[in-house]
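Here is the naming used below: chain letters follow the sequence lines, and residue numbers restart at 1 for every chain.
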Protein chains: 2
Amino acid sequence: MRSTIKVFQVLETLCMDNPAGVAELSSRLAVKRSSMHRFLSVLTHQGYVEKNANTGKYCATLKVFQLGVSVRNKLSLIHLARPYMEELGRKFHETINLSLFIENSVVVIDRVESLETLRIDHGIGRRLPAYCTALGKVFLANLAKEELEKYCEEQKLQAFTKRTVTSSKELKRDLKSVREEGFAIDDREVDDGIRCISAPIRDGSGKVVAAISISGPSTRVTLQRLKSFKRPIINLTAEISRKLGYG
Amino acid sequence: MRSTIKVFQVLETLCMDNPAGVAELSSRLAVKRSSMHRFLSVLTHQGYVEKNANTGKYCATLKVFQLGVSVRNKLSLIHLARPYMEELGRKFHETINLSLFIENSVVVIDRVESLETLRIDHGIGRRLPAYCTALGKVFLANLAKEELEKYCEEQKLQAFTKRTVTSSKELKRDLKSVREEGFAIDDREVDDGIRCISAPIRDGSGKVVAAISISGPSTRVTLQRLKSFKRPIINLTAEISRKLGYG
DNA sequence: ATAACTGTTCCACAATATGGAACCTAATGA
DNA sequence: TCATTAGGTTCCATATTGTGGAACAGTTAT
């Protein structure tokens, strides 16, 4: 089903990148202009794409967004974790994130926002690198040895701040302690202004299926204050894990 | 491109409804089992769908969610409105919603959540009926006459509470005042526990492109308190409209 | 004015999806 | 226990359907 696959590639391109015309898309995806025109007609008729009347370029519509949202909303984990996350948000007035580990990245699927003017705000759906975030380290620490090895080979450990761990040897040492302690910290490793703490959620089989974090601006969330979040977040994730049948 | 369209229908079904197997999907979408199997293979290979190892049923993955999110995040309106919405949220400690009008429904595309225990929480991406919500009335009030007529014909005015307006005549009278006053109120029309106020955002051409609302539990947000939100929300939407070139 | 590029339509041909049949496994029930 | 049903999967000859070159029109650049 080559053409169907191509049509999905067209849709993905329009979702991720800027609006584009027939010719641009046809050269980028190696499809003849006439075929691309047909693909775009189909996508338009199905409501996934629309043609801007002024520029003549095609762009993705919010139908894709709505479909995606309904997928997200079916995750029972979100509804289960929500009240706990809100409780934590009210308690500390910092942003609480719930995330999954998808294709070597952390994906934020829900959050409770701090109402402070200065606060952390990864948008929902945002993909974050794993090796330098608290959430990510929780997932990496609980990978099978071969999987972690594979991750280290595939992932370039780019430095975002001078604290970012860029050697896989050092990373593995860090992860060992994350595994033993049951929580992870990101002390300005992805951004000089951010500190974050995270702990794992496990399902009935003990597998780490998600992670929750508390993150805040480093000016307000000192290392000391961050560490004071440790017990509450570990208790919270343990409680959610218990509801998933763990322990 | 019949098959491509069918594949999209399969994906939509799996996004909206429960996980399903080959046979169920093939009968629901009038596709032979062997073809459905092929469709699902394609969707699986492209990462949109996955087969649950235990139940054998197929369900949509978060790839769809991520695609949708990236469409949403490209809307400049969201980034423009954000700081204003947050300011309003901090001021009143009630939920602020930003919405669009899509296919006769209100679609919430962003929000600032109240941190109160009791508060309103339509999830992002949620579709709400227009005729009985403050957001919706703002949009309906600014439709062309024929469009409103068409809406009234198509939409069944279902009663959610005893205050829900169910006659199109009465609705039109309400909308007239919304148009004249420049804001709309929902006084427990969709839920006995909710009050809400909303005002329109206009682009350079004067067209209503979005609406913002403040909503809260009726116990805390009395009609009087709701009305005190009127000036702030009108000023706010006027300011955003001005940035879009209006006025 | 010319050239270059883009969007769109058309059509004969070639590629590819279709759907019936058969096979396998798991679940159901007599 | 064995028969029966239902669902998942593979295969293949046939016919439907997508392909891509060509041609035209509209737009912008030279």
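No donor-acceptor contact under 3.5 angstrom links the side chains of A:Q155 and A:N104, judged on distance only.
Among residue pairs with one or both ends in residues 129-139 of chain A, those qualifying as salt bridge (charged side-chain N to carboxylate O under 4.0 Å, His left out) are A:K137-A:E189; sequence neighbours excluded.
Two residues are said to be in side-chain contact when any heavy atoms from C-beta on lie closer than 4.5 Å; B:I233 and B:I96 fail this criterion. Considering only heavy atoms from C-beta on, B:V209 comes within 4.5 Å of B:L244 through its side chain. Here the side chains of A:V208 and A:F139 are in contact, with some heavy-atom distance below 4.5 Å. Between B:R82 and B:V112, some side-chain heavy-atom pair lies under the 4.5 Å cut-off.
No donor-acceptor distance shorter than 3.5 angstrom exists from the side chain of B:Y246 to the backbone of B:I201, with no hydrogens or angles considered. Using modelled atom types, one side-chain atom of B:H79 and one backbone atom of B:N73 make a donor-acceptor pair closer than 3.5 Å.
In the displayed structure, B:E86 atom CD is contacted under 6.0 Å by more than 12 heavy atoms of other residues, nucleotides or ligands.
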Take B:R38 and B:S41, measure what side-chain hydrogen bond (donor to acceptor under 3.5 Å, both in side chains) needs, and give me the verdict at the end.
CA-CA 5 Å; B:R38 194 157 23 89; B:S41 298; over 6 Å; no
Does the side-chain contact (heavy atoms from CB on, under 4.5 Å) test come out yes or no for A:N142 and A:R202, once each step is laid out?
CA-CA 10 Å; A:N142 290 282; A:R202 295 169 190 275; 3.2 Å; yes
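Between the two ends of the helix from C:dA1-D:dT30 to C:dA30-D:dT1, each summarised by a five-pair axis, the helix axis turns through 30° (rounded to 10 degrees).
Residues from residues 21-51 of chain B lying near DNA chain D, meaning a heavy-atom separation below 4.0 Å, are B:G21, B:V22, B:A23, B:R33, B:S34, B:H37, B:K51 in numerical order. A heavy atom closer than 4.0 Å to some atom of DNA chain C occurs in no member of residues 9-19 of chain A.
For A:F8, the ring-ring contact (aromatic ring centres under 6.0 Å, His included) test picks out B:F8, B:Y48, with sequence neighbours left out.
In terms of position on DNA chain C, the residue among A:K57 and B:S3 whose nearest nucleotide sits closer to the 5' end is A:K57. Where A:G56 and A:M1 each meet DNA chain C at their nearest nucleotide, the meeting point lying more 5' is that of A:G56.
Of the candidates A:V64, A:V42, A:L11, A:L11 is the only one forming a side-chain contact (heavy atoms from CB on, under 4.5 Å) with A:V49.
Protein atom CZ of B:R2 is 14 Å distant from nucleotide atom P of C:dA17, rounded to whole Å.
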Provide a list of protein-nucleic acid N or O atom pairs under 3.5 angstrom, restricted to nucleotides 24-26 of chain C.
none

